[in-house]
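Report on the following structure.
Both counts, for ligands and for their atoms, begin at 1 and track the order of listing.
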Amino acid sequence: MEDLAREARQEKVESQEETTEALLEEGRVFRPLPQLVVDANLNPNDYEDAMKSGRSDLEAFWEEAARELDWFKKWHTVLDRTDAPFFKWFTGGRTNIAHNALDRHVKTHRKNKVAIIYESESGARERMTYYELYRAANKFANVLRSLDIKKGDRVAIYLPNIPEIAVVMLGCAKIGAVHSVVYAGFSALALRERINHAEAKLVVTVDGFHRNGKVIKLKEVVDEAMTASPTVETVVVVQRAGVDIDMSDGRYLWFHDLMDGEPARFETVEMDANDPLYILYTSGTTGKPKGVVHCHGGYMVGINRTLKWVFDIKETDIFWCAADPGWVTGHSYIVYGPLIAGTTTVMYEGHPLFPGPDRMWQIIEKYGINILYTAPTTIRMLMRFGAQHPKKHDLSTLRLLGTVGEPINPEVWVWYYENIGNENCPVMDTWWQTETGMFMVTPTPCNVLKPGSAFKSFPGVHVDVVDAHGEPVEPGKGGHVVVKEPWPAMLTTLYKDPEKYKEVYWSKIPGMYLAGDIATKDRDGYLWFQGRSDDVLKIAGHRVGTAEVESAVVGHKHVAEAACIGVPDKIRGEVAKIFVILKEGVEEDEDTLVNELKDRVRKVLGPIVVIRGITFQDKLPKTRSGKIMRRVLKARELGLKEGDLSTLED
Ligand code: WTA
């Protein structure tokens, strides 16, 4: 690990070397805008108090945040550390996240307010009020009951960014079933692996959806997965694209038929604060995805407080988190967070470049969106087409901007700030993970910003940069990103693998949660994230384990060994490069093999893995114990020093 820290990219963004004051003089930091701070949910004075209280009394700080939400029964203990690192928040408390996202709103003036604005790729728009969404979620909870789904049963959701995904997630939450959303870009094999690991009884999917002008027939992918998914009793199919599909298998049922037959009343099940809400599989350093588990109580408290303070969410806002509900960003900040906050959340089905590079700006204008939250990779892609596209549209409704998923280059930050925000919207660069559930390192609108830095820990969150022994590093030095205290939206375990939860996150630097990222801290305490320290790639913001790619490649009949590394890419941040050792006596030509291997990765994992190159070698650099040294391959590829190679075999 020391090696990794040492290896962290040392060249720093220039501004890290200077103090905020010096930068301010040069106009390279961004002060809070007075009009934003005046009526903000968190103003600068309160910010200081919140930071103090989060430091001096973590539990009181989060307890205050929990009081903002509804509980059927109050907790007796805010934070139970007895079984650390299996921390428990709000023990004794009874609640349900869906009650907070829907039921409590329909008793207020929000009943007829728009909860979801949906735009399809072809431009059709739909709106759902809180009351309509509430009724739909109730019906779906009744559907689940009729299909014999009980509290604790797992439901796999393989749906794109359409309103039904919110209905299904909330319906599951209402009945206490555990949802496992699988991103609609994953392949049949990846879907099957996740269904089988969770032993899902039910799968919910769609006939098809639109992406970049094409219809993606998602149900066909499920058919393939179903050939070996023994635990699945029923597949519920939403009708959206209207494509011809085969429903003859007795396990398949139409969503609309089932919904039609159910009443719109349902008594939301009371859940324990620490009962699981969902599993979300994410890539780690092994060939198998990890099932990150989040629970009802602490999770809802964490996402509500962060959304309210960071994006200053007001009821009158129209909030667009342009992610996909298949990732944690969509779980926390498309579905649950905005609905708990009682605001309007926007869902767009399609591709940002369809039919042209101004689609996103058109959507902002059309709905008068106030807050846009997206990924650096999307901004980089749109930036390439030039500022004339946003200029064609009235973006003056925007008040705040945000980014997530990977480090944002300062020049991209500034482009976003100038051309999308018209220098009126601070950029909230939020650092967090599937595991953290909520923003961890992030500014709020009342902080002074430096482009390229995600600022500091959110109040009540204790992220730091340390060396391999857990000691703080000097300003400007690379180190491991850790969290020193529990936080409410934290993962509670890895599904079916509590040992691995302990080992992966809590054992390498004892007493601290190890995030797997490298960062530096400057003299003002601002954090500058530099990327992952482990074998995880971030391709267009999507998390992909190098071991998963390697195991897909090794599955090809001619491959003896493979090593995958990430190489920089201007738009996607990072893409995969693969080194392959073939078995003896393979005669096929290299071009054919390259194509077959690319197809294989697509088949096993899906199109999210973008491959820059596949090269064939006679050997791979290894340690004496036989572990492939990917960092050596990477250093060679990037023309950097190979570092300490003393453990290398030859
Ligand atoms: C990276 C996404 C720099 C980081 C919510 C982290 C970031 C991983 C940022 C988690 C950011 C996320 N700046 N890096 N603002 N946000 N990351 O689980 O490497 O898909 O560990 O969650 O994304 O990815 P995940």
Side-chain angles (χ1 to χ4, degrees), residues 4 8-9 13 181 183 185-186 278-285 289-294 302-303 306-307 310-311 321-334 337 373-380 401-410 412-413 416 427-443 449-458 461 463 465 478 480-483 489-491 494 504-505 513-521 526-546 566 572-574 608:
L4 290 169
R9 202 157 47 89
V13 180
V181 180
Y183 174 60
F186 274 120
Y278 68 78
I279 305 171
L280 188 55
Y281 286 91
T282 189
S283 293
T285 48
K290 301 179 290 200
V292 168
V293 178
H294 284 290
I303 60 174
T306 48
L307 189 60
V310 174
F311 285 118
C321 167
D324 189 282
W327 307 110
V328 74
T329 311
H331 281 60
S332 299
Y333 300 110
I334 296 178
Y373 183 40
T374 187
T377 182
T378 308
I379 306 165
R380 287 194 296 260
L401 298 172
T403 72
V404 59
E406 44 172 336
I408 183 163
N409 335 41
V412 176
W413 193 106
Y416 192 35
V427 179
M428 302 293 109
D429 176 358
T430 62
W431 177 90
W432 58 296
Q433 307 180 297
T434 304
E435 292 86 341
T436 70
M438 66 183 218
F439 310 148
M440 299 294 277
V441 175
T442 171
L449 309 174
K450 300 187 198 182
S453 163
F455 191 60
K456 306 178 185 181
S457 294
F458 185 79
V461 173
V463 175
V465 181
H480 298 281
V481 176
V482 294
V483 193
M490 65 193 298
L491 77 165
L494 288 177
V504 173
Y505 303 108
Y513 167 88
L514 183 69
D517 274 49
I518 293 285
T520 62
K521 207 187 214 183
Y526 282 51
L527 296 179
W528 299 77
F529 289 89
Q530 321 232 312
R532 301 284 304 189
S533 65
D534 53 8
D535 294 316
V536 171
L537 309 185
K538 268 284 179 165
I539 303 179
H542 299 155
R543 218 163 132 171
V544 177
T546 51
R572 295 185 181 91
E574 211 172 23
I608 59 169

OH of Y526 to NZ of K456: how many Å apart, nearest 0.5 Å?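 Those atoms lie 5.5 Å apart.
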What pairs with A323 under side-chain contact (heavy atoms from CB on, under 4.5 Å), at least two apart in sequence or on another chain?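 So A323 forms a side-chain contact (heavy atoms from CB on, under 4.5 Å) with C321, T329, I334.
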Could you list the residues that satisfy side-chain contact (heavy atoms from CB on, under 4.5 Å) with H331, not counting sequence neighbours?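 If we apply the side-chain contact (heavy atoms from CB on, under 4.5 Å) test to H331, skipping adjacent residues, the hits are M169, H179, V181, Y278, L280, Y299.
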With T442 via side chain to side chain donor-acceptor pair (under 3.5 Å) - residues at least two apart: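 Checked T442 against side chain to side chain donor-acceptor pair (under 3.5 Å); zero matches.
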For ligand 1, the residues whose heavy atoms come within less than 4.0 Å (ordered by chain, then number):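 Its neighbours under 4.0 Å (heavy atoms only) are V328, T329, V404, G405, E406, P407, D429, T430, W431, W432, Q433, T434, D517, F529, R532, K538, R543, given by chain and number.
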Donor on one side chain, acceptor on other, Y373 and T430, under 3.5 Å: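 Note: Y373 and T430 side chains meet the donor-acceptor criterion.
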Indicate whether the side chain of T436 and that of Y513 have a donor and an acceptor atom separated by less than 3.5 Å.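 The answer is no; no qualifying pair exists.
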